[in-house]
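So the structure is just underneath, and the comments pick up after that.
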Number of protein chains: 2
Amino acid sequence: MSIDPRSHTPVYVQLADLLRQRIEAGELSPGSLLPSEARLTQEYGIGREAVRMAVALLRSEGLVRTQRGHGSYVREIAERTKIELAAGNSAIARMPTGAERKHLGLDEGVPVLEIRDAKGRTEVLPGDEVELTRPTSD
Amino acid sequence: MSIDPRSHTPVYVQLADLLRQRIEAGELSPGSLLPSEARLTQEYGIGREAVRMAVALLRSEGLVRTQRGHGSYVREIAERTKIELAAGNSAIARMPTGAERKHLGLDEGVPVLEIRDAKGRTEVLPGDEVELTRPTSD
DNA sequence: CCCCATTTGTGCGTATGTATC
DNA sequence: AGATACATACGCACAAATGGG
(Lines give C-alpha, C1' and ligand atoms only; values in the text may rest on other atoms or scores of the structure.)
Protein backbone atom coordinates (compact mmCIF):
# COMPACT_ATOMS: atom_id res chain seq x y z
CA MET A 1 0.00 0.00 0.00
CA SER A 2 1.29 3.41 -0.90
CA ILE A 3 0.38 7.09 -1.02
CA ASP A 4 -0.90 8.91 -4.07
CA PRO A 5 -0.11 12.65 -4.03
CA ARG A 6 -2.52 13.23 -6.91
CA SER A 7 -5.47 11.74 -5.08
CA HIS A 8 -8.31 13.98 -3.94
CA THR A 9 -7.78 12.53 -0.49
CA PRO A 10 -5.17 14.64 1.32
CA VAL A 11 -1.79 13.01 1.76
CA TYR A 12 -1.96 13.32 5.53
CA VAL A 13 -5.34 11.57 5.62
CA GLN A 14 -3.96 8.76 3.47
CA LEU A 15 -1.01 8.35 5.83
CA ALA A 16 -3.28 8.43 8.86
CA ASP A 17 -5.42 5.71 7.25
CA LEU A 18 -2.35 3.56 6.64
CA LEU A 19 -1.06 3.99 10.18
CA ARG A 20 -4.53 3.36 11.61
CA GLN A 21 -4.70 0.11 9.68
CA ARG A 22 -1.30 -0.94 10.97
CA ILE A 23 -2.40 -0.12 14.51
CA GLU A 24 -5.70 -1.96 14.25
CA ALA A 25 -4.00 -4.93 12.62
CA GLY A 26 -1.72 -5.15 15.64
CA GLU A 27 1.39 -4.58 13.54
CA LEU A 28 1.90 -1.50 15.68
CA SER A 29 0.96 -2.83 19.08
CA PRO A 30 -0.26 -0.81 22.08
CA GLY A 31 2.64 0.84 23.87
CA SER A 32 4.97 0.62 20.89
CA LEU A 33 6.64 3.56 19.23
CA LEU A 34 5.51 4.82 15.86
CA PRO A 35 8.25 5.42 13.27
CA SER A 36 9.73 8.90 13.75
CA GLU A 37 8.59 11.82 11.64
CA ALA A 38 11.86 11.68 9.72
CA ARG A 39 11.42 7.98 8.94
CA LEU A 40 7.84 8.45 7.79
CA THR A 41 8.81 11.31 5.47
CA GLN A 42 11.48 9.10 3.93
CA GLU A 43 9.50 5.86 3.74
CA TYR A 44 6.45 7.43 2.14
CA GLY A 45 8.24 10.14 0.20
CA ILE A 46 6.13 12.94 1.64
CA GLY A 47 6.78 16.16 3.56
CA ARG A 48 7.07 16.55 7.29
CA GLU A 49 3.97 18.74 7.42
CA ALA A 50 1.83 15.89 6.10
CA VAL A 51 3.40 13.48 8.56
CA ARG A 52 2.79 15.77 11.53
CA MET A 53 -0.84 16.35 10.51
CA ALA A 54 -1.39 12.61 10.14
CA VAL A 55 -0.04 11.97 13.65
CA ALA A 56 -2.09 14.88 15.01
CA LEU A 57 -5.19 13.31 13.47
CA LEU A 58 -4.47 9.99 15.17
CA ARG A 59 -3.89 11.87 18.45
CA SER A 60 -7.29 13.54 18.14
CA GLU A 61 -8.81 10.09 17.67
CA GLY A 62 -7.25 8.87 20.87
CA LEU A 63 -5.14 6.29 19.04
CA VAL A 64 -1.68 7.68 19.79
CA ARG A 65 0.05 9.79 22.43
CA THR A 66 3.01 11.99 21.51
CA GLN A 67 5.93 12.73 23.81
CA ARG A 68 8.26 15.52 22.85
CA GLY A 69 11.85 14.50 22.30
CA HIS A 70 10.85 10.88 22.32
CA GLY A 71 8.17 9.94 19.82
CA SER A 72 4.55 8.92 19.38
CA TYR A 73 3.25 5.81 21.09
CA VAL A 74 0.25 3.68 20.29
CA ARG A 75 -2.11 4.24 23.20
CA GLU A 76 -2.78 1.26 25.41
CA ILE A 77 -6.38 0.20 25.61
CA ALA A 78 -7.52 0.79 29.16
CA GLU A 79 -9.66 -1.68 31.00
CA ARG A 80 -13.18 -0.37 31.29
CA THR A 81 -14.71 -0.40 34.72
CA LYS A 82 -18.41 -1.16 34.71
CA ILE A 83 -20.38 1.63 36.32
CA GLU A 84 -24.09 1.34 36.89
CA LEU A 85 -26.24 4.25 35.78
CA ALA A 86 -28.42 4.71 38.83
CA ALA A 87 -32.15 5.19 38.55
CA GLY A 88 -33.07 8.81 37.95
CA ASN A 89 -29.62 9.66 36.66
CA SER A 90 -28.51 10.63 33.19
CA ALA A 91 -25.22 10.75 31.29
CA ILE A 92 -23.73 12.64 28.38
CA ALA A 93 -20.54 12.16 26.39
CA ARG A 94 -18.38 15.18 25.59
CA MET A 95 -14.78 16.23 25.25
CA PRO A 96 -13.11 17.40 28.47
CA THR A 97 -12.14 20.99 29.16
CA GLY A 98 -8.44 21.70 29.40
CA ALA A 99 -8.62 21.72 33.19
CA GLU A 100 -10.52 18.44 33.26
CA ARG A 101 -8.05 16.80 30.92
CA LYS A 102 -5.19 17.89 33.13
CA HIS A 103 -6.96 16.90 36.33
CA LEU A 104 -7.96 13.46 35.07
CA GLY A 105 -4.63 12.96 33.32
CA LEU A 106 -6.35 12.29 30.01
CA ASP A 107 -4.58 12.02 26.69
CA GLU A 108 -5.76 14.00 23.70
CA GLY A 109 -8.73 12.52 21.90
CA VAL A 110 -10.28 10.94 25.00
CA PRO A 111 -13.89 11.95 25.81
CA VAL A 112 -15.47 12.09 29.25
CA LEU A 113 -18.77 10.85 30.62
CA GLU A 114 -20.65 13.39 32.68
CA ILE A 115 -23.14 11.78 35.05
CA ARG A 116 -25.95 13.89 36.43
CA ASP A 117 -28.11 12.84 39.33
CA ALA A 118 -31.65 13.90 40.16
CA LYS A 119 -30.39 16.80 42.23
CA GLY A 120 -28.34 18.18 39.37
CA ARG A 121 -25.00 17.19 40.83
CA THR A 122 -22.54 16.09 38.22
CA GLU A 123 -19.55 13.78 38.13
CA VAL A 124 -17.02 13.60 35.34
CA LEU A 125 -15.45 10.25 34.46
CA PRO A 126 -12.66 9.32 32.03
CA GLY A 127 -14.45 8.07 28.92
CA ASP A 128 -11.87 5.44 28.02
CA GLU A 129 -12.04 3.66 31.35
CA VAL A 130 -15.75 3.41 31.93
CA GLU A 131 -18.59 1.27 30.65
CA LEU A 132 -22.00 2.45 31.69
CA THR A 133 -24.40 -0.37 32.55
CA ARG A 134 -28.01 -0.87 33.44
CA PRO A 135 -28.59 -4.33 34.86
CA THR A 136 -31.68 -6.32 34.04
CA SER A 137 -34.22 -6.03 36.82
CA ASP A 138 -34.12 -9.81 37.40
CA MET B 1 -2.62 37.31 29.31
CA SER B 2 0.16 36.62 26.89
CA ILE B 3 2.27 33.83 25.44
CA ASP B 4 5.70 32.86 26.69
CA PRO B 5 7.84 31.15 24.04
CA ARG B 6 10.28 30.04 26.73
CA SER B 7 7.66 28.23 28.75
CA HIS B 8 7.73 24.45 28.98
CA THR B 9 4.20 24.46 27.63
CA PRO B 10 4.18 24.45 23.83
CA VAL B 11 3.14 27.75 22.26
CA TYR B 12 0.21 26.16 20.45
CA VAL B 13 -1.12 24.75 23.72
CA GLN B 14 -0.81 28.16 25.35
CA LEU B 15 -2.73 29.79 22.52
CA ALA B 16 -5.39 27.06 22.65
CA ASP B 17 -5.71 27.69 26.41
CA LEU B 18 -6.18 31.42 25.82
CA LEU B 19 -8.77 30.94 23.10
CA ARG B 20 -10.56 28.31 25.18
CA GLN B 21 -10.78 30.77 28.06
CA ARG B 22 -12.20 33.44 25.75
CA ILE B 23 -14.75 30.95 24.44
CA GLU B 24 -15.78 29.66 27.86
CA ALA B 25 -15.99 33.21 29.18
CA GLY B 26 -18.47 33.99 26.43
CA GLU B 27 -16.19 36.63 24.94
CA LEU B 28 -16.20 34.48 21.82
CA SER B 29 -19.84 33.41 21.70
CA PRO B 30 -21.27 30.35 19.95
CA GLY B 31 -21.59 30.93 16.22
CA SER B 32 -19.05 33.76 16.21
CA LEU B 33 -15.96 33.80 14.05
CA LEU B 34 -12.51 33.36 15.54
CA PRO B 35 -9.79 35.82 14.51
CA SER B 36 -8.10 34.68 11.30
CA GLU B 37 -4.82 32.80 11.33
CA ALA B 38 -3.02 35.90 10.08
CA ARG B 39 -4.49 38.03 12.88
CA LEU B 40 -3.58 35.50 15.55
CA THR B 41 0.00 35.22 14.31
CA GLN B 42 0.31 39.00 14.49
CA GLU B 43 -1.54 39.59 17.75
CA TYR B 44 0.35 36.92 19.65
CA GLY B 45 3.64 37.21 17.81
CA ILE B 46 3.81 33.51 17.01
CA GLY B 47 4.14 31.42 13.87
CA ARG B 48 1.48 30.14 11.55
CA GLU B 49 2.17 26.54 12.49
CA ALA B 50 1.46 27.22 16.15
CA VAL B 51 -1.78 29.01 15.28
CA ARG B 52 -2.92 26.18 13.04
CA MET B 53 -2.12 23.57 15.67
CA ALA B 54 -3.95 25.56 18.35
CA VAL B 55 -7.08 25.78 16.22
CA ALA B 56 -6.75 22.10 15.32
CA LEU B 57 -6.58 21.32 19.04
CA LEU B 58 -9.77 23.28 19.71
CA ARG B 59 -11.42 21.49 16.80
CA SER B 60 -10.42 18.16 18.32
CA GLU B 61 -12.09 19.29 21.53
CA GLY B 62 -15.31 20.06 19.71
CA LEU B 63 -15.12 23.75 20.60
CA VAL B 64 -14.74 25.16 17.11
CA ARG B 65 -15.67 24.19 13.58
CA THR B 66 -13.51 25.36 10.70
CA GLN B 67 -15.07 26.19 7.37
CA ARG B 68 -12.67 26.18 4.50
CA GLY B 69 -12.31 29.47 2.75
CA HIS B 70 -14.20 31.24 5.52
CA GLY B 71 -12.83 30.81 9.00
CA SER B 72 -13.25 29.01 12.30
CA TYR B 73 -16.47 29.38 14.24
CA VAL B 74 -17.26 28.69 17.87
CA ARG B 75 -19.51 25.63 17.77
CA GLU B 76 -23.11 26.04 18.81
CA ILE B 77 -24.28 23.77 21.58
CA ALA B 78 -26.68 21.19 20.17
CA GLU B 79 -29.95 20.24 21.83
CA ARG B 80 -29.64 16.85 23.47
CA THR B 81 -32.32 14.24 22.88
CA LYS B 82 -33.02 12.07 25.89
CA ILE B 83 -32.46 8.39 25.18
CA GLU B 84 -33.27 5.75 27.73
CA LEU B 85 -30.63 3.15 28.46
CA ALA B 86 -32.66 -0.04 28.34
CA ALA B 87 -32.34 -2.71 30.99
CA GLY B 88 -29.50 -5.09 30.29
CA ASN B 89 -27.77 -2.64 27.96
CA SER B 90 -24.50 -0.81 28.42
CA ALA B 91 -22.84 2.23 26.89
CA ILE B 92 -19.32 3.53 26.31
CA ALA B 93 -18.01 6.90 25.11
CA ARG B 94 -15.30 7.00 22.47
CA MET B 95 -14.17 8.97 19.46
CA PRO B 96 -15.76 7.97 16.14
CA THR B 97 -13.88 6.36 13.29
CA GLY B 98 -13.55 8.41 10.13
CA ALA B 99 -16.35 6.45 8.48
CA GLU B 100 -18.63 6.96 11.47
CA ARG B 101 -17.97 10.67 11.55
CA LYS B 102 -18.78 10.98 7.89
CA HIS B 103 -21.88 8.82 8.18
CA LEU B 104 -23.24 10.69 11.20
CA GLY B 105 -22.21 14.09 9.87
CA LEU B 106 -20.24 14.85 13.01
CA ASP B 107 -17.86 17.77 13.44
CA GLU B 108 -14.33 17.01 14.55
CA GLY B 109 -13.92 16.59 18.28
CA VAL B 110 -17.38 15.13 18.86
CA PRO B 111 -17.44 11.75 20.63
CA VAL B 112 -19.97 9.00 20.08
CA LEU B 113 -21.96 6.83 22.43
CA GLU B 114 -21.86 3.14 21.62
CA ILE B 115 -24.82 1.26 23.04
CA ARG B 116 -24.56 -2.49 23.43
CA ASP B 117 -27.53 -4.73 24.11
CA ALA B 118 -27.59 -8.11 25.82
CA LYS B 119 -27.09 -9.88 22.49
CA GLY B 120 -23.95 -7.94 21.71
CA ARG B 121 -25.51 -5.79 19.01
CA THR B 122 -24.22 -2.25 19.03
CA GLU B 123 -25.61 1.11 17.98
CA VAL B 124 -23.55 4.28 17.57
CA LEU B 125 -25.08 7.65 18.47
CA PRO B 126 -23.78 11.22 18.06
CA GLY B 127 -22.37 12.18 21.46
CA ASP B 128 -23.30 15.86 21.26
CA GLU B 129 -26.99 15.26 20.64
CA VAL B 130 -27.79 12.57 23.14
CA GLU B 131 -28.43 12.42 26.85
CA LEU B 132 -28.59 8.94 28.26
CA THR B 133 -31.25 8.51 30.93
CA ARG B 134 -32.45 5.90 33.35
CA PRO B 135 -35.89 6.78 34.68
CA THR B 136 -36.81 6.15 38.26
CA SER B 137 -38.75 2.92 38.56
CA ASP B 138 -41.80 4.80 39.89
C1' DC C 1 28.94 16.52 34.24
C1' DC C 2 29.03 17.37 29.31
C1' DC C 3 28.43 15.90 24.64
C1' DC C 4 25.83 13.91 21.13
C1' DA C 5 22.25 11.69 18.39
C1' DT C 6 17.43 11.42 17.98
C1' DT C 7 12.87 13.34 18.03
C1' DT C 8 9.38 16.59 18.36
C1' DG C 9 8.27 21.76 18.60
C1' DT C 10 8.46 26.17 16.34
C1' DG C 11 9.06 29.66 12.81
C1' DC C 12 9.26 31.04 8.19
C1' DG C 13 9.25 31.09 2.99
C1' DT C 14 6.91 29.41 -0.91
C1' DA C 15 3.43 27.38 -3.77
C1' DT C 16 -1.13 25.54 -5.32
C1' DG C 17 -5.96 24.60 -4.67
C1' DT C 18 -10.50 25.81 -3.20
C1' DA C 19 -14.28 28.25 -1.12
C1' DT C 20 -16.42 32.66 -0.01
C1' DC C 21 -17.57 37.36 -0.61
C1' DA D 1 -12.99 39.15 -11.86
C1' DG D 2 -10.63 40.03 -7.91
C1' DA D 3 -9.64 39.92 -2.91
C1' DT D 4 -9.52 37.26 1.11
C1' DA D 5 -8.91 33.21 3.91
C1' DC D 6 -8.25 28.64 4.86
C1' DA D 7 -6.29 23.75 3.33
C1' DT D 8 -2.59 21.24 1.77
C1' DA D 9 2.18 20.45 0.92
C1' DC D 10 7.05 21.01 0.33
C1' DG D 11 11.43 22.96 1.93
C1' DC D 12 14.91 24.67 5.52
C1' DA D 13 16.59 25.97 10.05
C1' DC D 14 16.92 26.17 14.85
C1' DA D 15 15.11 25.27 19.71
C1' DA D 16 13.97 22.17 23.25
C1' DA D 17 13.36 17.59 25.37
C1' DT D 18 15.06 13.01 25.93
C1' DG D 19 18.21 9.39 26.63
C1' DG D 20 22.75 7.13 26.03
C1' DG D 21 27.69 7.15 26.44
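All values reported here derive from a predicted model rather than from experimental measurement. Reminder, nothing fancy here: chain letters follow the sequence lines and each chain counts from 1.
- Residues A:Ser90 and B:Thr133 bring no donor and acceptor atom of their side chains to less than 3.5 Å of each other.
- Ionic pairing of A:Lys119 and A:Asp117 is not present here: no N-O contact between side-chain nitrogen and carboxylate oxygen is shorter than 4.0 angstrom.
- For residues 97-109 of chain A, proximity to DNA chain D is found at no residue, defined as any non-hydrogen atom under 4.0 angstrom from a strand atom.
- Nucleic acid contact class of B:Thr41 (heavy atoms, under 4.0 Å, all strands): none.
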Nucleotides 10-19 of chain C: protein proximity per nucleotide (B base, S sugar-phosphate only, - neither; heavy atom, under 4.0 Å) = BSSBB--BSB
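- One atom, CG of A:Leu57, and another, P of D:dA7, lie 14 Å apart when rounded to the nearest Å.
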For a quick test of your reading: what N or O donor-acceptor pairs under 3.5 Å do the side chains of residues 103-113 of chain B make, sequence neighbours left out?
unit_1	atom_1	unit_2	atom_2	d
B:Asp107	OD2	B:Arg75	NE	2.8

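- Shown here for A:Glu100 and A:Val124, the closest heavy-atom pair between the two residues is OE2-CG2, 3.7 Å.
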Ignoring hydrogens and angles, write down the donor-acceptor pairs under 3.5 Å from the side chains of residues 46-56 of chain B, residues two or more places apart or on other chains.
unit_1	atom_1	unit_2	atom_2	d
B:Arg52	NH1	B:Glu37	OE2	3.1

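- Summarising the geometry, the separation between CD1 on A:Ile3 and P on D:dC10 is reported as 9 Å, rounded to the nearest angstrom.
- In this structure A:Ser29 satisfies the side chain to side chain contact (heavy atoms under 4.5 Å, CB included) test together with A:Ser32, sequence neighbours excluded.
- Note: CG (A:Leu15) to P (D:dA9) measures 10 Å, nearest angstrom.
- Residue contacts for B:Ser72: at a heavy-atom cut-off of 4.0 Å it reaches no nucleic acid atom on any strand shown.
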Taking it one step at a time, do A:Arg65 and A:Ser72 satisfy side-chain hydrogen bond (donor to acceptor under 3.5 Å, both in side chains)?
-> CA-CA 6 Å; A:Arg65 165 182 59 88; A:Ser72 292; over 6 Å; no
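- Per the geometry, CG belonging to B:Leu33 stands 12 Å off C1' belonging to C:dT20, to the nearest Å.
- Rounded to whole angstrom, the span from the CG atom of A:Leu40 across to the P atom of D:dA9 amounts to 15 Å.
- Separating the OH atom of A:Tyr44 from the P atom of D:dC10 is a distance of 14 Å, rounded to the nearest angstrom.
- The backbone N or O of B:Ile92 lies less than 3.5 Å from no partner atom in the side chain of B:Arg116, so there is not a single donor-acceptor pair.
- Rounded to whole Å, atom C1' of D:dT8 lies 12 Å from atom CD of A:Gln14.
- Sorted pairs that involve residues 8-31 of chain A and meet ring pair (Phe, Tyr, Trp, His ring centres under 6.0 Å), not counting sequence neighbours, are lacking altogether.
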